[in-house]
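Remember, it's 1-based here, ligands and their atoms both numbered in the order they're listed. As the structure is a computational prediction, the values presented were derived from the model and not from experiment.
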Amino acid sequence: MALYLRLGIIIFFVSMVGSVPRENFKTCEQSSFCRRCRKVEHGKTAYNLLLNTTTQNDSTLYVELYNKDTGVYYNVEFTALKHDLFRLHINEKSPLYPRYEVEYALQDHPQVSQLIVVEKTATYISVANGKNKAILYASPFKIDVYSGNQLVISTNARGLMRFEHLRHKPEPKPEQPGHADQSEQTDQSEPAEQLDQQDQTVQQDQKNEKIENVELNDSEFPGDGAENDPGAWEENFKNHHDAKPYGPEAIALDFSFPGAEHVYGIPEHADSFALKSTKQSEPYRLYNLDVFEYEINERMSLYGAVPVLYAHGKKATSGIFWHNAAETWIDIVSSADNNVVQSIVNFVSGTAKKPQVDTHFMSESGVIDVFFLLGPQPMDTFQQYAQITGSAHLPPIFSLAYHQSRWNYNDQEDVQQISDNYDKYDLPLDVIWLDIEYTDGKKYFTWDERKFPNPLDMVRNLTSKGRKLVVIIDPHIKRDSNYFLHNDATDNGYYVKHRDGKDYEGWCWPGASSYLDFFDPTVRKYYMGLYDLSKFKGTTSDVHIWNDMNEPSVFNGPEVTMPKDLVHYGGWEHRDVHNINGLVYTMATYDALFMRSGGTLRPFILSRSFFAGSQRFAAVWTGDNAADWEHLRISFPMCLSLSISGISFCGADVGGFFKNPESELFIRWYQAGIWLPFFRQHSHIETKRREPWTFNNDVLNIVRESLRLRYSFLPYWYTLFREHEVNGSPVLRPIWAHYPTESESFAIDDQILVGDAILVKSVYQQSITEVPVYFPGEGKVAWYEIETMEKYGAASLVQIPVTLHKIPVFQREGSIVPRKMRVRRSSVAMKNDPYTLVVIANQQGLAMGNLYIDDEASFEYRHGKYLYLRLLFKNNKLTSTMLQKLANYNTRSWLERVNIVNPPKGITKATIYSKALGKADLEVKYNPSNNVLTIRKPGINMGEEWIIDLIA
Ligand SMILES: *[C@@H]1O[C@H](CO)[C@@H](O)[C@H](O)[C@H]1NC(C)=O
Ligand SMILES: *[C@@H]1O[C@H](CO)[C@@H](O)[C@H](O)[C@H]1NC(C)=O
Ligand SMILES: *[C@@H]1O[C@H](CO)[C@@H](O)[C@H](O)[C@H]1NC(C)=O
Ligand SMILES: *[C@@H]1O[C@H](CO)[C@@H](O)[C@H](O)[C@H]1NC(C)=O
C-alpha cells in the first residue's frame, strides 16, 4: 500500500488527495545528470576507438576508446554470448574510484561463445558470433549489430554517448560577492533555508557539508562540461540535499533500431504497451518510487524497473538490456513522428521510408554494460533475455489460484468469517492475506496479540480447508528499544548508514524507522533466520510472504525514498544500487523461505518493487491502482510489459486499491483479472468491504462464474509457467509474439494472448454492448469462443456483442487446452481431479498442446518427479506421449473427457489403447449445434501413454 492519509505528519501528501503530487517527483530537467545527458548534441561524438590497441581472446574483443575532448581513455569489451547475444562493456581505463557494476540481476555468468574477427581495417573491425555479426567503427565511434545479414541495432549512431569520468572536486575559489548562490539559482531548487522541520537528517547533512560554489579549472577538466552544471557536486530537490561526494559520473548511449515500428518494455510505467515518443514530453523514467495514486498514460517512474527494451518491426525483433541499477531515463523517437530521424534513416539504410525507432539511455552512475538480443523472432528475443536474467521457478499451484486480500482483515474471527463465507457462497478461494495491521505496532515478525491471539489455530483452520495465509513483511524497521529486531540491528550495525557512519533514520508506517542493509550478506543471513518457524511464532509452512514498500518507500525522504548519498555495504552509495533494492530484499526473503522448508517447498512471495531478475524470487503486482475504468484498462498493458521483460507472474489489484468499484466495474475487473497470472482482490483500509457477497446476487453469480473459469484453466496456467521456467517464454504475450508480421496488431494492448492458444479482450468501458476484437492470423486462423465454440477469425476485425456475463475469450484452432471442470473450494482440493481436454482441430484436422503435472507444491519436480505430456491430434487419432521419458510422477488424476471441436465428419465411435489397459471402446457423442464431439470417460490415468482412435 502507499501512504496512509491519516498520517497527518506528511502534510504535503494530505494536501494532494486525489491526484499524484507530481511536484514531489523530479523531471529530467530537475535531475542534473539527465539534463546534461539530454543536452548532448546529435552527431558530434567525441569518442574514437583506438583500433591499434585491439586484443582478443576466444570470446571477447578488447579495444580502447578515447574521448578527444576530455583526453580520457576507456576500455571496451565486446563479447560473443551463446543464444545469439552480444555484450558491450565500457568502463574508464583508470577510474579515480571503482565504478559500480550491477550484482544480482544476472542469473549466472552469461555463457560465452566464440568470437571471430572477420575483418580489421584502419577504420573498423567486424566480428561474428555464429550467424550474427557486429561492426565496430573507430571514428566516429559506432557499433552496428546485425541479426543474420540484417542491421537491427546501431549504437551511438546519433553520437549521444556520454561517459563522465570520475574526477576530483575542484578546490573552491574564495567567495566572490554577489556570486555565492549561483548553484541554487540555476538549480531551480528551493533554498536551503526552507528546510522542513521534519527532515533532521537533511539539516544534519547540510551542516556538515556547507554548500560551496564551485569554480572551474578548465585545464584539469577540459571537455565534457560537467563542471559547468551546478548540480554536478551537490544537488537540492525540494527540501532535500544530495551531497554527491563523487561528483558527475553519468553514462549515456543511444541505440537506433532500423526497421522497427515500435519499441516495448522498460517497465514499470502506467502507459501503453507500445512505448510513445518522448519528443514532446519527459523521457521514460526508471527510478523505483512509491507514487501515491499514480495516474495512467504517464512516463513517470513507478515501483519497479526493468531496463530491457525490445524493438519490433515486420522483419525482425531485437532488444537491448541496459544492465544498470542507477536512476535511468530513456528518450524515444520514432520515424513515425514526422521525419525527425530521416537523416539517420538515410544513413543507415539508404532508403528514406524505412521505419526506425531511436532511443537514448541515460543513467546517473555505474558503467555501460549492454546486452544485445538478436532475435530474430519475438519469442527468441524474450527467451534470450531470460537466458541472462533467469525465469521464475514453477509457482506452487495455490499461488496461481484466487487470493482475497484487504487492508486489513481486522482479527482472526474476521479471517475465519471470510473463509467460511467463501464456502457458504460456493466460491473457490486459495489464499487470505493480512496487511500491516496484523502486527504489534508495525513491528514485523510479531502479532497483535489482542486481535490475533491464536494465529496458529487460524492458519490451521485455513489449511484444513486447503487454504493458505499470506502476511506482509516490509523492510522498514521500527525504531523502538523494545523491539528485538531494532536492537539486533543497532547493536550489530545492520542498518543503512549516512555518510558519517550514523544509522539512517526515516519515516514509514511505524513512525521513526531504519532500514536493514540487504546488500550486506551478514544482514541477509540474519534476516533469513527471522523466518524460521521457531522464530516467527504463529506461522507454518503454509504461511507465505508479501514484501511491500521495498523501493524503499521512505515517507519523508527525497521523492519518498532514500537519499542517494546514503552508504550501503561495500561503500556503495544508494545512488548506485537504488533500483536493485527491491530485488535484493526479495532475494533474501526467497532464501529465507527456501531455508525454512529445508529446500523442499516452493516459496511464494509477492513484491511491489522489482528489477531485472526479480522473476527468480517473487511475483509482482502493479501497486496501488484505483477503482476506475482507466486503471482496469491499464492492467493489461502493464502486465504485458512486465511479462515480456521476464516477469510473467504479474497481476493488478482486482477492483482497484483506492476507492470503491461500482458493480459493473467490479464484474469487468474479475472477468479481466482471471486472465492475468496473479489474481488477487485487494483494497485500501478506507474503502467499503467488497468481498463478492457484499454485492447483489447477480453480481455474486457472475463473479462465481469468473472464479470457476479461472480454476478450470489452472492446468493450462500451470503448464505455461513450467514452460516459462524451462525456456523463458513469457506466459502473457502480445499478439505480435506469434503473428510478427501483422502490423495492425503492433499497438494493440487491450487484447492479450495467454500462452499461444487463448486470446482475451478486456472490456473496460461502462454500459458497452459491443467491442472490436482483432483476430490474428490474417483470416486464415480460426478462433473459437470458449463457451459457445462459435467460430471467428475469417475477418481480422470484428465487432463482438458483449453482455454483462462475459468478456470475449477465444481458443485458437490447432490447439489442445487441458482443463479441470470439477471446481472445488481450493486448488488443493482439486489436485487429484480428472482432466478435460479441449481439442480444436484446424482445417487440416490437426491440433497440439502440452500438459505438465507434478505435486503442485514441492521441489521434487527438480528431481524428475513430474509428467510432461505432448497431446497430439492427427489423422483422427489423439495421442498422449511423454516428452521427457525419464521423468515420472504418480498422479491419481485421470482423463475424464475429451471435447473435439470441429471434428472429422461421421465419427460413430472411438477406441482407446494403452500398454496398461490394452484396447477398449469408448462412447462418443456429437453435438451439431456447436460442432463438438465429446468422448466421455476415457478413464485412463494421466501417467499412461495412450492413443484414442476416432472411427467413422
Ligand atoms: C594508437 O594510435 C594513436 C593515434 O591514433 C597513438 O596516439 C597511440 O600511441 C597508438 N597506440 C598504440 C598502442 O600503438
Ligand atoms: C575472455 O575475456 C572475458 C572477459 O574478460 C572472460 O570473461 C573470458 O573468460 C575470457 N575467455 C577466455 C577464453 O579467456
Ligand atoms: C588547474 O589544475 C591543474 C592540474 O591539476 C593545476 O596544475 C593548475 O594549477 C590548476 N589551475 C587553477 C587555476 O587552479
Ligand atoms: C478454528 O476453527 C474452530 C472450529 O470451527 C473454531 O472453533 C475456532 O474458533 C477457529 N479458530 C480460529 C483462531 O479461528
Side-chain angles (χ1 to χ4, degrees), residues 45-57 60-78 90-94 117 119-125 135-143 156 161 163 165 222-223 403-406 408-427 429-435 437-440 446-472 533 536-544 689 691 693 824-826 828-829:
T45 191
Y47 297 89
N48 292 324
L49 276 182
L50 304 177
L51 293 181
N52 58 353
T53 63
T54 307
T55 59
Q56 69 178 106
N57 71 13
T60 304
L61 186 79
Y62 301 86
V63 55
E64 285 180 19
L65 185 70
Y66 177 70
N67 181 321
K68 61 180 159 46
D69 291 346
T70 59
V72 174
Y73 289 86
Y74 300 85
N75 286 333
V76 174
E77 295 175 21
F78 196 75
I90 307 177
N91 196 1
E92 290 180 58
K93 188 176 176 188
S94 27
V117 173
E119 194 182 1
K120 189 174 166 189
T121 72
T123 55
Y124 66 84
I125 300 182
I135 305 177
L136 294 82
Y137 294 93
S139 179
F141 171 53
K142 180 169 84 118
I143 301 177
N156 203 37
M161 176 168 174
F163 198 124
H165 57 283
H403 304 251
Q404 176 68 59
S405 182
R406 177 174 175 80
N408 213 91
Y409 287 119
N410 300 327
D411 49 33
Q412 61 187 36
E413 286 74 30
D414 202 2
V415 170
Q416 184 71 43
Q417 269 279 300
I418 296 296
S419 179
D420 290 348
N421 275 333
Y422 267 92
D423 291 340
K424 177 174 162 196
Y425 293 102
D426 192 21
L427 303 161
L429 172 72
D430 268 62
V431 195
I432 295 181
W433 291 53
L434 292 177
D435 210 320
E437 312 297 335
Y438 80 90
T439 59
D440 173 15
T446 71
W447 292 86
D448 181 329
E449 288 177 9
R450 203 173 42 83
K451 299 174 186 165
F452 297 90
N454 313 103
L456 268 183
D457 245 26
M458 175 179 74
V459 172
R460 287 197 192 110
N461 280 2
L462 288 175
T463 313
S464 73
K465 297 283 170 72
R467 297 192 172 124
K468 318 281 180 192
L469 183 73
V470 169
V471 298
I472 200 166
L533 297 181
F536 190 2
K537 296 271 196 302
T539 64
T540 74
S541 57
D542 287 306
V543 177
H544 298 263
R689 285 289 178 121
E691 293 75 28
W693 54 87
R824 299 176 198 271
R825 67 156 61 105
S826 72
V828 174

**Prompt:** Quick one: do the Glu691 and Tyr422 side chains pair a donor with an acceptor below 3.5 Å?
**Reply:** no

**Message:** For atom 11 (N) of ligand 1, what's the nearest protein heavy-atom neighbour? Residue, atom name and distance, please.
**Reply:** Asn52 ND2, 3.0 Å

**Message:** Parallel, tilted or perpendicular: which one describes the rings of Tyr438 and Phe452, with boundaries at 30° and 60°?
**Reply:** perpendicular

**Request:** Look at the side chain of Gln412 and the backbone N and O of Asn454, then say whether any donor-acceptor pair between them is shorter than 3.5 Å.
**Result:** yes

**Request:** Check each atom of ligand 4 against the heavy atoms of Gln412 and keep those under 4.0 Å away; list them by number with element.
**Result:** 13 (C)

**Asked** Would you say the side chains of Asn156 and Thr45 form a donor-acceptor pair under 3.5 Å?
**Response** yes

**Message:** Any nitrogen or oxygen of Asn454 lying under 3.5 Å from a nitrogen or oxygen in ligand 4? Just yes or no.
**Reply:** no

**Prompt:** Counting only N and O atoms by type, is there a donor-acceptor contact under 3.5 Å from the side chain of Asn67 to the main-chain atoms of Val72?
**Reply:** no

**Message:** Is it the case that ligand 1 has an N or O less than 3.5 angstrom from some N or O of Thr53?
**Reply:** no

**Prompt:** Heavy-atom distance from atom 4 (C) of ligand 1 to the protein below 4.0 Å?
**Reply:** no

**Message:** Any protein heavy-atom neighbour for atom 7 (O) of ligand 4 (distance below 4.0 angstrom)?
**Reply:** no

**Request:** List the closest protein heavy-atom neighbour of atom 12 (C) of ligand 4: residue, atom name, distance to the nearest 0.1 Å.
**Result:** Asn461 ND2, 3.5 Å

**Item:** Tyr409 side-chain N/O to Ile432 backbone N/O, donor-acceptor pair under 3.5 Å
**Value:** no

**Request:** Only one of Lys424, Arg467, Arg825 passes side-chain hydrogen bond (donor to acceptor under 3.5 Å, both in side chains) with Ser419; say which it is.
**Result:** Arg467

**Asked** Got the closest protein heavy atom to atom 14 (O) of ligand 4, with its distance?
**Response** Gln416 OE1, 3.1 Å

**Where ligand 4 meets Asp457 - atom numbers and elements under 4.0 angstrom, heavy-atom basis** = 11 (N), 13 (C)

